[in-house]
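Quick note on labels: first sequence line is chain A, next is B, and so on, each numbered from 1.
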2 protein chains.
Amino acid sequence: MKIGELAKKTDCSVQTIRYYEKEQLLCTTQRSDGNFRLYDEAAVEQLLFIKLCRNLDLSLSEIRQLLTLKRSPGAQCDQVNRMMDTHIQQVETRIQELVQLREHLKVLRRSCSSERTIEQCGILQTLTTNQHQKR
Amino acid sequence: MKIGELAKKTDCSVQTIRYYEKEQLLCTTQRSDGNFRLYDEAAVEQLLFIKLCRNLDLSLSEIRQLLTLKRSPGAQCDQVNRMMDTHIQQVETRIQELVQLREHLKVLRRSCSSERTIEQCGILQTLTTNQHQKR
DNA sequence: CTTGACTCTATAGTAACTATAGAGTTTAAA
DNA sequence: TTTAAACTCTATAGTTACTATAGAGTCAAG
């Protein structure tokens with residue numbers, strides 16, 4: 001099948017598919033006489049795998065590693081486990097950061113209300129006042 | 001003062017300062033005879049303001065808006081409030097997304113343990129098995 | 001044959017930095 | 001005065017994961 005069909009089957013844009021090829025995530029083993037890329041069912045599966053990993057926020061580099069590991073069926077899968085653990089930790093860390101940020105933003109937001117001028121704005125004052133304290 | 005001194009005072013890299021100038025967040029009103037940028041205390045304050053906003057994950061575009069608003073002391077500050085509300089909502093949304101992702105990753109992680117081969121790896125199988133179900 | 005849809009490669013853009021190259025300026029020490 | 005190191009400048013490119021566009025080629029149906 002050609003790239004447009006693959007794109008439809010996998011709900012992935014033609015441009016992204018070409019990008020993944022450039023990034024060595026998906027390869028095109030065949031071309032038509034007119035130089036069109038030709039894909040088989042294995043490519044469909046690989047692209048769906050890639051998309052699933054992207055949905056998990058795994059980076060292209062990590063996905064590349066998983067694809068490499070997948071090519072050694074007899075090898076130990078502890079690398080997969082380790083990658084997943086690291087990834088979970090990273091997500092957890094990011095959650096904590098965002099929770100803190102949200103609280104900070106809420107505090108800041110409460111320092112201002114309607115019917116004020118820029119000059120009286122508690123938010124801007126805090127952002128500016130903090131500077132003086134920092135110095 | 002010159003750019004290096006400003007960088008030290010604000011804990012901001014020389015390159016980032018130049019980048020902010022290019023992005024219209026900070027302007028250099030003076031240059032030395034040798035074409036070196038010259039900054040005053042107002043620039044220090046403005047850069048600290050920018051950094052504080054960046055720490056709140058506000059985009060450069062949003063910060064640009066705030067700086068513009070700051071230049072109209074008599075105007076209403078409801079735009080500031082609205083921006084903050086929108087930003088808080090975006091952070092909240094992202095937190096929810098990440099919490100869901102973390103749960104999904106944990107479920108996936110539990111499908112595998114040590115001492116398995118790639119072929120037996122529950123994580124990879126799930127990522128690959130899901131494809132078949134999708135079809 | 002014509003035309004519209006599809007495909008190709010190349011290039012540039014997004015956001016917020018970050019690094020490097022090569023050239024010019026400044027400053028302090030010899 | 002000279003020298004050398006530190007600092008500064010502009011231009012360009014890179015990071016990540018896409019996304020868009022231009023101009024040219026291919027294909028299939030009318």
Gap separating the [atom1] atom of [X] from the [atom2] atom of [Y], nearest 0.5 angstrom:
| X | Y | atom1 | atom2 | result |
| --- | --- | --- | --- | --- |
| A:Cys53 | A:Glu62 | SG | CD | 9.5 Å |
| A:Asn81 | B:Arg116 | CG | CZ | 8.5 Å |
| B:Glu119 | A:Ser72 | CD | OG | 11.0 Å |
| B:Leu127 | A:Ile63 | CG | CD1 | 9.5 Å |

Q: By nearest nucleotide on DNA chain C, pick out whichever of A:Glu21 and B:Thr16 is the more 5' one.
A: A:Glu21
Q: Hey, which sits more toward the 5' end of DNA chain C by its nearest nucleotide, B:Arg54 or A:Lys8?
A: A:Lys8
In whole Å, what is the span from the [atom1] atom of [X] to the [atom2] atom of [N]?
| X | N | atom1 | atom2 | answer |
| --- | --- | --- | --- | --- |
| B:Lys51 | C:dC17 | NZ | C1' | 12 Å |
| B:Lys22 | C:dC17 | NZ | P | 13 Å |
| B:Ile3 | C:dT25 | CD1 | C1' | 14 Å |
| B:Phe36 | C:dT27 | CZ | C1' | 10 Å |
| B:Gln15 | C:dT18 | CD | C1' | 6 Å |
| B:Arg64 | C:dA16 | CZ | C1' | 11 Å |
| B:Tyr19 | C:dT18 | OH | P | 10 Å |
| B:Asp57 | C:dC17 | CG | C1' | 14 Å |

Q. With distance as the sole criterion, is a donor-acceptor pair present between the side chains of B:Gln96 and B:Glu92 under 3.5 Å?
A. yes
(Q) For the helix from C:dC1-D:dG30 to C:dA30-D:dT1, what angle separates the axis at the start from the axis at the finish, each from five pairs, in steps of 10°? (A) 30°
Q) Is the shortest side-chain N to carboxylate O distance from A:Arg94 to B:Glu97 below 4.0 Å? A) no
Q) Counting only N and O atoms by type, is there a donor-acceptor contact under 3.5 Å from the side chain of A:Glu23 to the main-chain atoms of A:Ser61? A) no
Q. Cation over ring, B:Lys70 on B:Phe49, under 6.0 Å and within 45°?
A. yes
Q: Classify the nucleic acid contact of B:Arg18 as base, sugar-phosphate or nothing, counting any heavy atom under 4.0 Å across all strands shown.
A: base
(Q) Under 4.0 Å, counting only non-hydrogen atoms across every strand here, what does A:Ser59 touch: a base, just sugar-phosphate, or nothing? (A) sugar-phosphate
Q | Set of residues satisfying side chain to side chain contact (heavy atoms under 4.5 Å, CB included) with respect to A:Thr29, sequence neighbours excluded | A | A:Cys27
Q: At the 4.0 Å heavy-atom cut-off to chain A, mark where contacts on DNA chain D begin and end, going 5' to 3'.
A: D:dA17 to D:dC27
**Q.** Closest-nucleotide 5' rank along DNA chain D - winner of A:Lys2 and B:Arg31
**A.** B:Arg31
